[in-house]
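This report concerns only the one structure given below.
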Amino acid sequence: MSTDIRVKICGLRSPADVQVAAEAGAVYGGFVFFPKSPRHLTAEAATPLALEAPPGLCKVALVVDADNDLLDHILGRVPIDMLQLHGHESPARVADVRERYGLPVMKALGVAGPDDLPQIDLYSQVADQLLIDAKPPKDAALPGGNGLSFDWQLLARRKYWQRPWMLAGGLTPENVAEACRMTGARQVDVSSGVESAPGVKDAGKIRAFVAAARGVTGARGAPPKLV
Ligand SMILES: O=C(O)c1ccccc1N[C@@H]1O[C@H](COP(=O)(O)O)[C@@H](O)[C@H]1O
């Protein structure tokens with residue numbers, strides 16, 4: 001039985017990337033607006049990609065501790081459907097961004113151990129979706145997109161989620177099915193696991209990833225509603 005696990009391919013940088021992700025069956029496409037990332041796009045570069053994306057693709061802008069000036073700049077140019085806040089944004093800031101821009105907000109939360117789990121309930125009060133990612137190493141240049149996974153057992157016992165959520169961190173075509181089975185994730189996000197080099201998406205890996213995720217059997221419950 002197919003379980004319709006929803007896939008986000010993050011770090012799309014060319015029209016071909018967008019096309020391949022959509023044709024493979026990804027539901028979300030992510031554009032990274034973070035200059036330290038090898039996947040960084042300017043708003044000017046992202047605009048034609050977003051404008052030409054197939055209508056069904058939910059276009060996600062990933063930002064890291066962005067101020068209103070940067071968000072105004074991006075959202076004034078690029079047709080975006082959802083914001084992914086991947087920095088140290090407080091619950092108040094998440095609520096503020098959501099209110100100010102009228103877009104659904106997905107808050108990324110880094111997880112390394114049990115002490116990181118209470119933030120899930122805290123941010124469930126203010127975000128439309130949560131993205132559960134590996135906590136980056138202390139000296140990492142990037143807060144995500146590092147190809148690192150965390151102990152999926154930490155989520156295995158959690159039966160009740162107040163918000164739709166995505167699993168991220170070190171996912172690949174080879175491990176995504178096991179990650180979904182272990183955690184019960186119904187949505188997954190990948191960046192470096194579908195690349196041939198940092199920032200260079202690999203069409204074959206994107207297709208393999210989406211096929212592997214959508215082929216997961218025995219996942220729990222219905223997929224969440226799209227926000
Ligand atoms: O992809 C990036 O370059 C990036 C930069 C800054 C913050 C987050 C970033 N990516 C997100 O990180 C996770 C995990 O990525 P990976 O699959 O382990 O490479 C994912 O949510 C990306 O959206």
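Residues take their numbers from the sequence shown, with the count starting at 1. Given the structure is predicted, the values throughout are model-derived calculations rather than measurements. Counting convention: from 1, in listed order, for ligands and their atoms alike.
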Proximal candidate to atom 9 (C) of ligand 1 [heavy atom criterion; set G144, P198, G11]
G144
Applying a strict under-4.5 Å side-chain criterion to I, L, V, M, F, W and Y, I'd like to know whether L83 and F34 cluster together.
no
Quick check: does any side chain N or O of R39 sit under 3.5 Å from a backbone N or O of G145, one acting as donor and the other as acceptor?
yes
Can you tell me the protein heavy atom closest to atom 16 (P) of ligand 1 and the distance?
S192 OG, 3.5 Å
Under 4.0 Å from ligand 1, counting heavy atoms only, is it the side chain of K8, its backbone, both or neither?
side chain
Check ligand 1 against L131 and write out every atom of the ligand that is under 4.0 Å from a heavy-atom position of the residue.
21 (O)
Please name the residue in the list R93, R100, R98 that meets the salt bridge (Lys or Arg N to Asp or Glu O under 4.0 Å) test with D96.
R93
Atoms of ligand 1 less than 4.0 Å from V190 heavy atoms?
17 (O)
Over 12 foreign heavy atoms within 6.0 Å of CD, E99
no
Tell me which part of L62 gets within contact of ligand 1: side chain, backbone, both or neither, using heavy atoms under 4.0 Å.
side chain
Give the contacting part of C10 toward ligand 1: side chain, backbone, both or neither, where contact means a heavy-atom distance below 4.0 Å.
side chain
Any idea which atoms of ligand 1 are less than 4.0 Å away from a heavy-atom of Q84?
21 (O), 23 (O)
Using a 3.5 Å distance criterion without hydrogens, assess whether the side chain of R157 forms a donor-acceptor pair with backbone atoms of Q153.
no
Side chain of K107, backbone of G87: donor and acceptor closer than 3.5 Å?
yes
Considering S191, G147, G193, G145 one by one, which has a heavy atom nearer to atom 14 (C) of ligand 1 than any of the others?
G145
Give a yes or no answer on whether the side chain of Q119 reaches the backbone of D116 with a donor-acceptor pair at less than 3.5 Å.
yes
Closest to atom 2 (C) of ligand 1 among protein heavy atoms sits R39 NH1, 3.2 Å
Could you find the nearest protein heavy atom to atom 23 (O) of ligand 1 and give me its residue, atom name and distance?
D189 OD2, 2.9 Å
If we check side-chain contact (heavy atoms from CB on, under 4.5 Å) with M106, which of these qualifies: H86, Q84, R163, Q187?
Q84
I'd like the name of whichever of G199, P143, S37 reaches closest to atom 6 (C) of ligand 1 through any heavy atom.
P143
Starting from atom 13 (C) of ligand 1, which protein heavy atom do you reach first, and at what distance in Å?
D133 OD2, 3.3 Å
Scanning both residues in full, the closest heavy-atom pair of K8 with D189 reads NZ-OD2, 2.9 Å
